[in-house]
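When a ligand or atom number is given, it counts from 1 through the structure's own listing order.
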Amino acid sequence: MSEPVVKVNKLNVAFNRHPVLTDLSVELNRGEFLAIVGQNGVGKTTFVRTLLKQLKPASGEIIIAPGTKIGYVPQFRNIDVEYPLSIKDFISLGFTGFKLPFLKSSERKVLDEVIKMVDLQDIAKRSMGRASGGEKQRAYLAAALIKHPNLLILDESTASLDPNAKRELLAVVKKLNVENQLTVIFITHDVSLVSQYPDHYLWMKQGEYESGLIENLPSEVVSQDHA
Ligand SMILES: Nc1ncnc2c1ncn2[C@@H]1O[C@H](COP(=O)(O)OP(=O)(O)OP(=O)(O)O)[C@@H](O)[C@H]1O
């Protein structure tokens with residue numbers, strides 16, 4: 001039995017003593033695809049920010065297996081049409097974060113690989129600002145893949161994309177999940193995506209949590225949660 005990639009034990013997080021996460025426990029094994037669902041304000045993003053060590057828990061622990069590299073795909077943010085970089089240059093920022101890197105040949109190879117993984121090879125030289133919403137989001141995904149993460153976190157990354165673009169993004173993620181054993185955490189409000197791609201769910205309610213196999217996702221979630 002493999003060690004969990006993420007083990008969360010009785011996690012408590014509060015803002016100004018106002019509790020947001022209360023005794024949250026959850027485990028994620030290598031190669032699992034977990035959907036986090038729950039209504040606005042229950043603490044989904046707070047949980048992710050705590051996993052990313054941007055927030056400090058009041059108590060409890062998060063154990064991340066040694067050697068785990070986390071890739072993060074944020075919520076869709078539009079980019080100005082005049083944005084000066086090509087899709088390819090934008091993705092290359094995944095190496096450095098901010099400034100356009102001078103790439104070694106091995107890095108250029110990785111860049112071409114991730115561009116192919118997200119199926120942007122035919123338009124990689126086009127302007128990032130003029131790419132469609134779905135293409136931009138796949139570029140964000142490619143940038144997150146550059147450092148070869150083994151845990152990928154998508155925080156409502158499909159919100160505001162059209163249905164086709166959502167499916168395209170998730171299909172790429174699912175392929176990486178299945179073929180490369182990439183562990184995935186996917187926060188979503190989108191019921192149609194929840195039932196299709198992930199294999200586990202974590203349902204966050206106010207101070208209460210429920211998790212299980214996706215086929216056992218309570219129908220209540222489906223009727224409560226809206227994109
Ligand atoms: N930096 C902060 N300071 C104070 N309160 C905060 C802060 N960040 C989040 N909160 C509060 O914590 C609660 C949980 O917020 P969070 O963004 O984690 O919810 P969420 O489940 O991701 O919501 P949504 O689905 O709307 O994105 C909310 O009541 C929010 O107002």
Would you mind listing every salt bridge (charged side-chain N to carboxylate O under 4.0 Å, His left out) that reaches into residues 124-137, with sequence neighbours excluded?
Glu82-Arg130
Can you tell which of Thr45, Val48, Ile187 gets a heavy atom nearest to atom 17 (O) of ligand 1?
Thr45
With the threshold set strictly below 4.0 angstrom, can you tell me whether any protein non-hydrogen atom sits that near atom 19 (O) of ligand 1?
yes
Under the rule for ring-ring contact (aromatic ring centres under 6.0 Å, His included), what residues qualify as partners of Phe186, not counting sequence neighbours?
none
Can you tell me the protein heavy atom closest to atom 29 (O) of ligand 1 and the distance?
Gly41 O, 4.0 Å
Atom pair NZ/CG of Lys53 and Leu55 - distance to nearest 0.5 Å
12.5 Å
Kindly confirm or rule out an N or O of Val42 lying under 3.5 angstrom from an N or O of ligand 1.
yes
Proximity flag His18 to ligand 1, non-hydrogen atoms under 4.0 Å:
no
Report yes or no: does a heavy atom of Glu156 sit under 4.0 Å from some atom of ligand 1?
yes
Any sub-3.5 Å donor-acceptor pair from Asn9's side-chain atoms to Ser25's backbone N or O?
no
Test item: Gln196 side-chain N/O and Arg167 main-chain N/O as donor-acceptor pair under 3.5 Å:
no
Salt bridge check: are Lys88 and Asp112 linked by an N-O gap of less than 4.0 Å?
yes
If we only count heavy atoms from C-beta on, is the Ile214 to Phe33 side-chain gap below 4.5 Å?
no
For atom 16 (P) of ligand 1, find the nearest protein heavy atom and state the residue, atom name and distance (0.1 Å precision).
Thr46 OG1, 3.6 Å
Numbered atoms of ligand 1 (with element) below 4.0 Å of His189, judged on heavy atoms
25 (O)
Could you say whether the N/O atoms of Asn40 and ligand 1 ever approach to under 3.5 Å?
yes
Donor-acceptor contact below 3.5 Å, side chain Asn150 vs main chain Leu182:
no
Examine Val20 against ligand 1 and note whether any of their N/O atoms are separated by less than 3.5 Å.
no
Looking only at protein heavy atoms, what sits closest to atom 1 (N) of ligand 1 is Phe15 CE2, 3.6 Å
Looking at Lys7, I want to see if its NZ is surrounded by more than 12 non-hydrogen atoms of other residues, nucleotides or ligands under 6.0 Å.
no
Within the structure, does Gly43 bring an N/O atom to less than 3.5 angstrom of an N/O atom in ligand 1?
yes
Among all protein heavy atoms, pick out the one at the shortest distance from atom 25 (O) of ligand 1; state its residue, atom name and that distance to 0.1 Å.
Lys44 NZ, 2.7 Å
Would you say atom 14 (C) of ligand 1 has a protein heavy atom nearer than 4.0 Å?
yes
